[in-house]
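Below you'll find the structure, written out as structure tokens, and then a few comments.
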Amino acid sequence: MSDYNFAYLDEATKRMIRRAILKAVAVPGYQVPFASREMPMPYGWGTGGVQLTAACLTPEDRLKVIDQGADDTTNAVSIRKFFQRTAGVAVTERTREATIIQTRHRIPEAPLTEGQILVYQVPIPEPLRFLEPRETETRRMHALAEYGLMHVKLYEDIARNGEIATAYAYPVKVQGRYVMDPSPIPKFDNPKLSDCAALQLFGAGREQRIYALPPHTQVVSLDFDDHPFVAAKAPHACDLCGDAASYLDEVITDDAGGRMFVCSDTDHCATHRATGHAGRLGGTEGAAA
Amino acid sequence: MTGAAMIVVRDVAKRFTLHNQGGAVLEVMAAASLRVGPGECVGLVGASGAGKSTLMRMIWGNYRIDAGSIRVAGVELAGAEPRQVIALRRATLGHVSQFLRVVPRVPALDVVAEPLLSLGMDQDRARAQAAALLARLNIPERLWPLSPTTFSGGEQQRVNIARGFVHPWPVLLLDEPTASLDAANREVVLSLIEEARTRGAAILGIFHDEAARARVCTRLVDVSGFAVAA
Amino acid sequence: MTGAHPLLSVRDLTKSYGTRRGCADVAFDLWPGEVMGIVGESGSGKSTLLGCLAGHIPPDTGRVVFDTRAEGPRDVLAMAEPERRMLARTDWAFVHQNPRDGLRMGVSAGGNVGERLMAVGARHYGQIRAQAVDWLGRVEIAADRIDDKPRQFSGGMQQRLQIARNLVTGPRLVFMDEPTGGLDVSVQARLLDLLRGLVRQMGLSAVIVTHDLAVVRLLADRLMVMKDGLVVEQGLTDQVLDDPQHPYTQLLVSSVLQA
């Protein structure tokens with residue numbers, strides 16, 4: 001195989017991370033500090049997620065890596081290759097076939113199932129950070145469940161924009177206790193966090209924090225009585241597969257105002273097209289693929 | 001007079017210790033006693049420095065009573081808790097001092113209405129009563145929204161008097177209420193005092209104006225007898 | 001105005017910094033509706049005392065008993081932290097000398113006022129905003145400034161905003177640390193008048209630390225004079241100022257410049 005220890009990290013480090021994961025699972029939504037290691041990639045490229053994946057991988061696992069929903073972007077390809085080389089595990093682009101999915105900024109469209117692990121890459125784990133810069137103070141606020149400040153952020157949003165304009169990294173409350181940053185996923189994905197059959201793990205490498213949502217945890221998006229949470233998406237159907245329910249990316253196609261909307265989840269889009277569906281431009285694109 | 005007296009001063013002594021002037025001790029008063037009943041207006045007389053103002057201040061509560069007893073409406077002031085004195089001043093004990101002390105920028109109308117507001121009266125009623133009194137004391141209406149800190153001495157004194165008569169306090173202390181007033185306003189103040197006396201207020205005052213004293217006082221007390229011989 | 005218990009009852013309060021005395025053996029009862037001033041020069045221990053009372057500094061010994069709404073008199077120092085912090089954002093308020101310490105400078109005026117409401121569970125945006133507008137009006141800030149950030153406000157406005165932010169939950173006890181310090185004289189006067197009105201309308205009790213005798217004369221019913229960490233004199237404000245007994249108080253009063 002290779003000269004690397006399985007999945008790059010040494011066994012003691014993986015054990016340390018697994019301990020942090022166990023604690024995170026035991027206290028859903030609580031940010032567990034861990035001794036994040038230097039990884040052979042820059043911070044911001046998913047070092048937290050990579051360490052979680054490394055600590056969870058077994059030789060039998062089948063790994064899927066997505067970035068903004070896509071399997072074929074640089075970040076996803078690099079991380080997938082990294083584990084192919086250092087762990088020799090099987091990889092896949094199919095959500096249903098994967099046992100571990102590492103993701104940046106999306107939750108796959110296909111419902112996750114029991115036994116799967118979804119690993120999120122997290123840039124800033126502290127949802128209160130932008131309002132309260134002192135770590136000592138935010139820790140105390142979590143400890144005492146003083147979360148009025150979180151609503152101040154949403155208040156400011158409405159005051160400035162007439163509605164809650166936060167479109168990603170939308171704060172949630174976990175099992176009625178901890179307020180959590182779900183990583184920069186679109187708020188469209190927030191409902192999928194709750195009562196999910198898979199284990200969800202969140203890793204922030206630079207900030208050295210791990211947190212988790214065990215299967216079937218209740219997750220509620222914060223809102224106001226008169227400004228309820230809405231899981232919004234672009235009001236279109238996918239131009240390739242025709243699905244009107246999936247989350248879309250807007251793609252500019254020329255410099256004359258041409259644009260198209262396509263599923264951000266590439267596996268979902270391909271699967272949908274394979275079952276005979278087609279969107280506005282689906283015929284030609286499908287033929288080309 | 002009977003036990004119904006509203007002001008009872010008994011064997012009161014007062015000394016000042018000037019710690020920053022070599023610890024000099026000034027004995028200014030000893031064995032002062034007097035009573036003022038409802039419907040009485042008692043004038044304090046005696047040479048300047050005899051202790052008229054000192055006695056008034058002890059009854060008002062801003063000078064400590066070193067010995068003896070002062071009871072106002074049954075409340076003992078010697079050793080009283082601040083809140084007892086404050087409650088007394090709010091509802092029972094009124095005071096017209098020689099100097100107006102107010103927050104700058106507060107309109108004259110509100111300065112006069114304030115005692116009523118702190119008794120819980122709603123703002124419109126309190127202002128209406130204050131306005132009536134200011135009008136009676138010939139303060140032009142254009143001055144009402146202005147702070148009295150910018151007024152002339154006579155105008156300030158009239159604002160002070162309005163504030164002192166805006167609530168029917170059962171006990172009133174008057175320190176030179178007619179000083180620096182013209183004849184017309186002096187007349188208004190004297191009738192205010194007479195009206196207060198008629199409604200049953202117990203009034204203790206210092207009046208240098210002998211004609212005024214003769215007109216409103218029912219009795220005089222010479223404080224010279226309370227002074228400590230030097 | 002006065003209930004059966006003092007609102008705040010303090011006994012034997014002592015705080016030392018190593019061998020240096022912060023404050024020692026402080027005792028007093030504050031009754032509902034009373035405003036108490038604490039004066040003394042810098043380093044006299046008045047800010048340490050205020051910090052101990054408000055729960056910001058843990059004292060070495062002593063009791064601070066507050067008459068809680070739900071359970072009557074309780075020793076605040078013996079409370080668990082969540083309970084004390086809940087008290088601090090409901091029935092208590094703290095007005096800092098520097099508005100930057102008491103405001104969130106990056107949050108709009110409305111958000112600053114609404115925070116305490118949201119902290120105690122308000123979840124209706126329209127109602128929170130309506131209350132914020134009402135409170136801005138009470139502290140004489142125009143309603144159209146509600147979405148402006150405090151850094152766009154003058155010093156006096158910032159201080160008034162801090163007061164609104166603190167009083168919106170209808171506290172019963174307000175701690176103030178030099179509330180008019182650092183403001184122009186004319187702005188001070190307006191703030192003093194505002195505070196007097198609010199104290200009267202809401203029946204507030206307050207403990208005000210200041211070195212300005214003119215401020216306590218206008219605002220405080222009673223006065224405590226501190227020197228070297230000890231209370232040297234206390235009583236009715238005008239009695240302490242007009243007939244000071246202690247050498248230090250006499251010096252303090254005679255040192256005031258007459259304008």
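For the pair R200(C)/L117(B), a side-chain contact is recorded, criterion being any heavy-atom separation below 4.5 Å from C-beta on.
With a 4.5 angstrom heavy-atom cutoff, R89(B) touches chain C only via side-chain atoms.
At least one donor-acceptor pair closer than 3.5 Å links the side chain of Q239(C) to the backbone N or O of G61(B).
By the neighbour-count criterion of 12 heavy atoms within 6.0 Å, atom CZ of R172(C) is densely surrounded, having more than that number from other residues, nucleotides or ligands. Within a 6.0 Å radius of CZ in R63(C), other residues, nucleotides and ligands contribute 12 heavy atoms or fewer.
Listed options H246(C), E34(C), Q201(C), M36(C) were ranked by heavy-atom pairs under 4.5 angstrom with chain B; first place goes to E34(C). Ranked by heavy-atom pairs under 4.5 Å with chain B, the first of L218(C), D238(C), D29(C) is D238(C). In terms of heavy-atom pairs under 4.5 angstrom with chain C, the leader among G120(B), S147(B), P82(B) is P82(B).
Taking OH of Y63(B) as the start and CG of L236(C) as the end, the distance is 14.0 Å to the nearest 0.5 Å. If you take OG1 on T237(C) and CG on N62(B), they are separated by 11.0 Å, rounding to the nearest 0.5 Å. Here the straight-line distance linking atom CZ of R105(B) with atom CD of Q188(C) works out to 11.5 Å at 0.5 Å rounding. Separating the CD atom in Q245(C) from the CG atom in D66(B) is a distance of 6.5 Å, to the nearest 0.5 Å. To the nearest 0.5 Å, atoms OG (S254(C)) and NE2 (H19(B)) are separated by 12.0 Å.
A salt bridge links D243(C) with K14(B): the closest approach of a Lys/Arg side-chain nitrogen to an acidic carboxylate oxygen falls below 4.0 angstrom. A salt bridge does not link E81(B) to R222(C): none of the charged side-chain nitrogens sits closer than 4.0 Å to a carboxylate oxygen.
Residues N20(B) and L251(C) come closest through the heavy atom pair ND2-N, 3.2 Å. Across all their heavy atoms, R101(B) and D242(C) have their closest contact at NH2-OD1, 4.4 Å.
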